Protein chains: 2
Amino acid sequence: MNIQFKKGVLELCTLALLAKKNRYGYELVNEISKNISISEGTIYPLLRRLKNDGYVTTYLEESNEGAPRKYYQLTEAGKKMGKELKEEWLTFVKKVNGLLKGGVKDE
Amino acid sequence: MNIQFKKGVLELCTLALLAKKNRYGYELVNEISKNISISEGTIYPLLRRLKNDGYVTTYLEESNEGAPRKYYQLTEAGKKMGKELKEEWLTFVKKVNGLLKGGVKDE
DNA sequence: CAAGGTACTGTGTAATGCAAGGTATTAATT
DNA sequence: AATTAATACCTTGCATTACACAGTACCTTG
């Protein structure tokens, strides 16, 4: 998979998944990996960034298996950011697809 | 506009535009800028990379105004690369959009 | 202790932004 | 005619940023 396409999109995906329900980091990696190949070392720094920027809060919860899970929860700012990013993404895709098709017509 | 979304996509757009007809650098900047904001300093290094990788060849042609124009022309490898990148892009977009919608259903 | 689930860190890569520089041609000015 | 301005065009260098990859560390169960 083309690495470059992912830039900026992982943040969008993360916010979108968290908009559905709270999740812990390892779970996010697995969910996203179903569609887009990523590794843990990519998600955790991203989550820390989101927390530093005030888009998510975290809380710990015990797990039946393994270490306690750190759940991530969207703040109001995070929800807003998620919506905006999604809009930007959809607009961006339209523009790119426009370039892919057109380009000959005029001039 | 979200800078990160552009990563990898500019190459795709460039190859797509060149697939329609040969163009010179400055023209490419203007064409792409109609949809996606970029600057010359971004496109020229990209074009050089494409040339080094054997995806395009170049030839000079005089211009009525200003310096002679360096036209960029796709090689066979470039055409192939363009098609592949486009496929990858379309697939990628589908997957991302899938994540944006779904995410709750299963599990 | 072994194994696997979970969280985190550090270093490297690669694409883009931005700013600045450089060349060539035409038009305006002197 | 010579200088200058303006425009079109090409190039380079440094900073930024997100992601990959590999490695560390903890916890729990068997």
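These numbers come from the heavy atoms of this one structure, side chains and all, not from hydrogens, waters or symmetry mates. In what follows, every chain begins at residue 1, and chains take the letters A, B, ... in the order their sequences are listed. These numbers come from a predicted model, not from an experiment.
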Taken to the nearest 0.5 Å, the spacing of B/K21 NZ from B/L74 CG works out to 13.5 Å
Can you check the B/L10 CG to C/dT16 C1' distance for me, whole Å? 8 Å
Which distance, rounded to the nearest 0.5 Å, do you find between the CG of A/L60 and the OH of A/Y71? 11.0 Å
Within less than 4.0 Å of OP1 or OP2 of C/dA14, is there a side-chain N or O belonging to A/K7? no
Salt-bridged, A/R69 to A/E27, with N to O below 4.0 Å? no
A/A67 vs B/I38, nearer the 5' end of DNA chain C by closest nucleotide: A/A67
Between P of D/dT7 and CZ of B/R69, the distance in whole Å: 16 Å
Quickly, which of B/L28, B/N30, B/L46, B/I43 forms a side-chain contact (heavy atoms from CB on, under 4.5 Å) with B/I38? Name it, please. B/I43
Rounding to an integer number of Å, can you tell me how far B/E11 CD sits from C/dT16 P? 7 Å
Which one is paired to D/dG30, where only Watson-Crick or G-U wobble pairs with both distances under 3.5 angstrom count? C/dC1
Could you tell me how far apart A/R23 (CZ) and C/dT6 (P) are, to the nearest whole angstrom? 14 Å
Atom pair distance, as rounded to whole Å: CG in B/N2 and P in D/dC19: 10 Å
At 4.0 Å (heavy atoms only), tell me whether A/G25 reaches a base, stays on the sugar-phosphate, or touches nothing. sugar-phosphate
Could you check which of D/dC9, D/dA20, D/dC27 has an atom nearest any side-chain atom of A/K6? D/dA20
Side chain of B/Y72 (C-beta onward), nearest among D/dC26, C/dA7, D/dT11: D/dT11
Counting only side-chain nitrogens and oxygens, does B/T42 get under 4.0 Å of the OP1 or OP2 atom of C/dG17? yes
Rounded to the Å, how far apart are A/E31 CD and C/dT6 C1'? 16 Å
So, is B/Y24 close to the D/dC9 phosphate, meaning a side-chain N or O under 4.0 Å from OP1 or OP2? yes
Between D/dA8, C/dA14, D/dC26, which nucleotide has the shortest distance from any of its atoms to the side chain of A/Q4? C/dA14
To the nearest 0.5 Å, how far apart are CG in A/L12 and NZ in A/K86? 8.5 Å
Can you measure from CZ (A/R23) to CG (A/L17) and round to the nearest 0.5 angstrom? 5.0 Å
B/L28 CG to D/dC10 C1', in whole Å, measures 13 Å
Where each residue is assigned the nucleotide of DNA chain C containing its nearest heavy atom, which of B/I3 and A/Y71 is assigned the position nearer the 5′ end? A/Y71
Rounded to whole angstrom units, what separation is found between the CG atom of A/N30 and the C1' atom of C/dA7? 13 Å
Residue-level proximity of residues 45-55 of chain B to DNA chain C when a heavy atom falls under 4.0 Å: B/L46, B/R49
To the nearest 0.5 Å, atom CE of B/M81 lies from atom NZ of B/K79 at 16.0 Å
4.5 Å side-chain heavy-atom contact, A/Y59 and A/N22: yes
So, OP1 or OP2 of C/dA7: does either fall under 4.0 Å of a side-chain N or O from A/Y44? yes
Hey, does B/S37 reach any base, or is it just sugar-phosphate, or nothing, if we go heavy atoms under 4.0 Å? sugar-phosphate
